[in-house]
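Read the structure below first, then the notes.
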Amino acid sequence: MDNHIMNDQTDYGTPAKTSDKQVTLNIDGQQVTVPAGTSIMRAAMAAGVSVPKLCATDSLEPFGSCRLCLVEIEGRKGYPASCTTLVDDGLKVHTQTSKLADIRRGVMELYISDHPLDCLTCAANGDCELQDMAGAVGLREVRYGYDGDNHLKAEKDESNPYFTFDPSKCIVCSRCVRACEETQGTFALTIQGRGFESKVASGTENFLDSECVSCGACVQACPTATLMEKSVIDHGVPEHSVTTTCAYCGVGCSFNAEMKGEQVIRMVPNKNGGANHGHSCVKGRFAWGYATHSDRMTKPMIRKSIKDPWQEVSWEEAISYAASELTRIKEKYGKESIGAITSSRCTNEEVYVVQKLVRAVWGTNNVDTCARVCHSPTGYGLKQTLGESAGTQTFDSVMQSDVIMVIGANPTDGHPVFASQMKRRLRQGAKLIIADPRAIDLVSSPHIKADYHLKLRPGTNVALISAMAHVIVTEGLADEAFVKERCEWDSYVAWRDFVSKPENSPEALEEELSIPAAQLRAAARLYATGGNAAIYYGLGVTEHSQGSTMVMGIANLAMATANIGREGVGVNPLRGQNNVQGSCDMGSMPHEYPGYRHVSDVEARAQFESAWGRPLSDDPGLRIPNMLDMASEGTFKGLYCNGEDIAQSDPDTQHVTHALESMECVIVQDLFLNETAKFAHIFFPGASFLEKSGTFTNAERRISPVRRVMTPKNGYEDWEVTAMLSAAMGYPMEYKHASDIMDEIARLTPTFKGVSFKKLDELGSIQWPCNDEHPQGTPVMHVDEFVRGKGKFFLTQYVPTDERVTKKYPLIMTTGRILSQYNVGAQTRRTQNVAWHKEDLIEIHPHDAEERGIKQGDWVGIASRAGDTVLRALLSERVQPGVVYTTFHHPESGANVITTDNSDWATNCPEFKVTAVQVTRVNQLSEWQKQYQEFSDEQIAFANTQQDEIRIG
Amino acid sequence: MSTERLVTMANQIGDFFQANPDSAEAKKEIAGHLKKFWALSMRKQLVAHIECNQAQGAGLNPIVGEAIKENVTSLTM
Ligand code: SF4
Ligand code: SF4
Ligand code: SF4
Ligand code: FES
C-alpha cells in the first residue's frame, strides 16, 4: 500500500505558520519562499537544509535553549538561534561555517559529558536525536571525563505502566514540559532548579501519582531515551510502520502502528492525522494490549442451551448451525422474529454488510445499532432542524471560536485529544460556558476557568435551552436577518412566540433548573453576542426522555443567532465510541438505509432492491428496546449481536438478561466472551482493529482508514464472517476485500459518492459529504444553504421526566465515563489502564454522605425502582447535594441494574442520566452482584473446559 | 409488547407535538412519527387498543388517541 503521504513524519523544527505575506530569503545558496512568521529553521528545512537542533520540534513553539541551531546571517552580528529567529525578505543565511561547527561541537561536548555512553545498549539506539546530533556536528572526543559532578546515577521512575523516566539521560531541553503544556494542556511537569541542578519534575514523587494523564505527548517530544515507551525498552525499535485509526473514541485519532513483523511495538500519533495532528490520549497511544490478551476468544463455539458448556467447532460448522437456526426460527415464527444489532465499534464496511444481511436476506428491517443508547437523538434532532444527522464542523473549527459552550459532555475524559485542542483555544482567550450538573475538569483546570458553570438539575436540559432562547429573543439578540434568509420564517415566528412566553423566562424556571436567573441571562447574552459561538454536547444531552427535544433546542439556538454555516461556530455532538457516526451513516437504524434515507422512500428502496436483487420491506423494523421487550414476551426469538454488549451497556440489566434468556438463538460476535455472550448459543470470535481493513467515521464526519497490520487471530475479518453467514443462508456476498464494500457503499449513497480506499490513501481521510461537488470532502456543513433547504425551528416544550425523586428514592443518579476506561471496559480493563481505575465508584456529596453515615471508601447500596447494586463511596463536592454519579466500566458494578426503561420520546434512547435512587451504607454485595458472580464464573468455566480439553488433547 | 409501554411511549410523542398551537397539524405529526419510526406490529397493537370496546384507548392522551383514530388506515398498512 502506498502509504508515504501519511507517513511524512519529517520534523520541521518549529510549527507551520500561515500568513497572507510570503517572504523570500536565501539559505546556504538556496532561494526559499515561506509565509511571514516562519522560523529560519523551518524555512531551511523547506529548502532541504537541516539545521542541527535539540530543544526544537515542530509540534512545539521554539524555546531557544540548547544553542545547537545557531546560524550566521550576513550583515547581522553574532550567531542567532535559527529556531527563534524569524525569516525576513532578502536575508542571506549560512547554516554551516567552521565557526558554527566549533560552537556546535562545544555544545554537544557539554551534553555528552553528562550523558551515559551506553548507546549500543540503549533502548533508543537508532531513534535518538542526541545520538544523531553528535554525529551531525562531528563530535569525536569529550574532554571533560565523568569525574566531575554528573547525573548518571539518578534514579529511574518506572511508576507509569507504559513509559519510563530515566533522568540520567535527560538533557533538560524542556520539550517534555512544553509538550505537556502546549500539546496536552495538563501542566504536569516543570523544570525544577537552575543550572546544573535543573531537572524535570512531575510535582509529586512519581509520574503515576502526579497530575499526568499518560497521554504520551512528552514521550513523543523527548529527543533522548529519558522518556521512553516500555514496549520499546522490552522489544527494541520497530522496523516498519502502518498508518491506521484508533478504535476507541469518536475523536478518531490517526496513528502509525510501529511494528516488528506482526508485533505492534508502539502506536505513535500521526502528525498528519486530520483529527489529532500528532496528539493522542492514553487509550489509543498505549492501551492496545487487549488485542493480544489471553482472554481473546479465537475459535467458534456453539451450544444448545446456555446451561450447557460450550463446544468448540470449525467455522463451517458454526456458520451452518447459525444459518440453520435462523432459518428454522424465521420459518416457525415469521421474519419479524429475528434481528441484528450492529456496533459503533465496528467498521463502516462491517456495519454495512450486517444491515444488508438483515434487509436483503432476512427480509426485515430489524436492525439497530448501539447508537440507539447514545446518540440516536442527535440523528433525529439534527435531521429535523438542519437536514443532516451529523455534526456541522471540523474539530479545527474550535480554533476560530470566541465562545465555547459545553453541554452535558466531559471532553477531557471522553474526547481527550479534542479537549486538548479546545483547551488551547481557551488559553488563547475564548470564553467558556459549561452546562453540567457536575463540576467537570474543564470548569477549573490549569490556566482555564469557565466563565459560567450552569449547574442545572439533571433532567432539566430543555428548560435550560428554552430559557436561554427566551433571553436571546426577548432582549433582541437574535439575528433575524440571517433567519429570514436561511430558515423557514414561519417556524421561527412560532418558536419566537413560544420561547418569549413568561413561563420560559429564566426567572420562572429558576427553581426548576436551580440556576440563578441572572447567571443564566448573562450566559445567554454571551452566547448570542460574544462573537463566533460553538456548542459542543454529549450524552448529557441525548440520554434523557427529552434528548431529541434538547438537540433540536440547541439547533434552534444556533440558527437564531446565526452561529452556523462557517468556521468557529456550529452544533457539535461529541460522539462516544469510535464509529458512532459511521454506524449510523451505514443504515444501521431500523427505519433507514445507508445515507439516512427512510425505508419508505420509494426511490431509495428501488435503488437498493435493484443493487441487492431482493425485495425490501418498506416498514420500519424494531429498535433494540422493542426487540428486548418482544423477546421477553416471547415473540422475538433470534438475535445476531455483532460487536455489542447489550447485557452490560443497556439499561435495566435484569430486563435485558431476561430477554436474552427468552430467545431461542443468540449469536454473539466479539473479541471476548462478553456479558451478552454468556447468554449466547453461538459464538463467533471477532477480529481486533489491528487485524482488519476498513474505515471508521469520527464525530466530524471524517472517514479514516483502518489498516490490517497483523493476521486475524480468529482467522477472518469480521465482515467475512457476516458474508459467510449470508452465503450459508443462500445469498453469497461477492466481496474480496473491504474496499469492495466501500465501493458499493459509494455507488448507493450520495454523500459517499466520491469515497474510495484509493482516495483515502491519497488524502489520508475524507469528511463526508464527498461527491462531485466536493470531491475532497466537506469540512463545514450548511455553508450557503441547509441540507434540508431552509432551517426549521421546532417548539421545545419542557416536559419533566417521569423519573422524579420521591421519599423512597430521594437522590438523582447520573452516569458518565472516565479517561482511562472505554465504554463497557471490555478492552481497557484488559490493559494496564486499570492502574488508574480499578473499580467503578459512586460519587456522593459530603452532605448526603454524612446524613447517611457514609464515609470515604464505604460500601454503599444504591437502589432504584429497577434494581440495586453496591459500590464504594467517593465523597466529592464535584456533585451537588441530591445528586450521585457513577461510571459503568466494570460489569460487576451493575450500574445498569439500577437504570430504568425510561427513554427519549422520539428515539427510545434510554434515560441513563436520570435515575431516582436511594443510597445506604451496607456491608455486603447486592443479591444481583452475588448472582452475577456465580453465573459469570459458571459461564467462564463453560468456555474454559473446552479450551482445557483442547490443550490436553 | 405490553400495551402499557406502547401507551407511555405514544403519550411521550404526543407531549412533544402538542406544543404546536395548531392541533390539526399536531395530530398529523403524531401519526406521522408513529408511521415513520414504529414497527407495524406495534402500530397495529396500539390501534387495536383504541378499537377494542373494552379498553377504548385507555391511558392515551386525548390528542394521541384522536391522531391515531384519524389515521387508522395509514397506520395499519
Ligand atoms: S504523559 Fe502527557 S500528561 Fe503525562 S506528563 Fe507527559 S505530556 Fe504530561
Ligand atoms: S525528559 Fe526528554 S524532553 Fe524532557 S527535558 Fe529531558 S531530554 Fe528533554
Ligand atoms: S481514544 Fe480517542 S482521543 Fe484517545 S487516542 Fe483514541 S481516538 Fe484519540
Ligand atoms: S534548537 Fe534552537 S536553540 Fe535548541
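Naming: A, B, ... by sequence-line order, numbering from 1 per chain.
At a 4.5 Å heavy-atom cutoff, Phe636(A) makes no contact with chain B through either its backbone or its side chain. In this structure, chain B has heavy atoms under 4.5 Å from both the backbone and the side chain of Ala906(A). If you measure heavy-atom distances from Asp901(A) to chain B, the contacts under 4.5 Å come from both the backbone and the side chain. Within the 4.5 angstrom heavy-atom criterion, only side-chain atoms of Ser41(B), from C-beta onward, approach chain A. Proximity to chain B is limited to the side chain of Met552(A), based on heavy atoms less than 4.5 angstrom apart.
A 4.5 Å side-chain heavy-atom check between Met630(A) and Met42(B) finds at least one atom pair inside the cut-off.
In plain terms, the two heavy atoms of Gln12(B) and Ser903(A) that are nearest each other are NE2-O, 2.9 Å. For the pair Gly621(A) and Ala39(B), the tightest heavy-atom approach, listed with the atom from each and the gap, is O-CB, 4.0 Å. Taking each heavy atom of Ala19(B) and Leu795(A) in turn, the nearest pair found is O-CD1, 3.3 Å.
Note that OG of Ser491(A) is 11.0 Å distant from CG of Asn20(B), once rounded to the nearest 0.5 Å. Here the CE atom belonging to Met9(B) is positioned 7.5 Å from the CG atom belonging to Asp629(A), to the nearest 0.5 angstrom. Residue Phe37(B) holds its CZ atom at 6.5 Å from CZ of Arg623(A), rounded to the nearest 0.5 Å.
The closest donor-acceptor contact from the side chain of Gln546(A) to the backbone of Phe16(B) lies at 3.5 Å or more, if one exists at all. Remark: the backbone N or O of Asp15(B) is not paired with any side-chain donor or acceptor of Gln797(A) at under 3.5 angstrom.
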task: Take Phe17(B) and Trp905(A) through the ring pair (Phe, Tyr, Trp, His ring centres under 6.0 Å) test and state the conclusion after the steps.
output: CA-CA 11 Å; Phe17(B) 289 108; Trp905(A) 67 269; 5.5 Å; yes
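The greatest number of non-hydrogen atom pairs below 4.5 Å with chain B, out of Thr635(A), Asp802(A), Asn908(A), is found for Asn908(A).
A salt bridge is absent between Lys36(B) and Asp619(A); no separation between the charged side-chain nitrogens and carboxylate oxygens falls under 4.0 Å.
Under a cut-off of 6.0 angstrom, the local environment of NZ in Lys69(B) is sparse, with at most 12 non-hydrogen atoms contributed by other residues, nucleotides or ligands. The 12-atom threshold is exceeded at CD of Glu633(A), counting heavy atoms of other residues, nucleotides or ligands nearer than 6.0 Å. Within 6.0 Å of atom NZ in Lys35(B), more than 12 heavy atoms from other residues, nucleotides or ligands are found, so the atom counts as buried in its surroundings.
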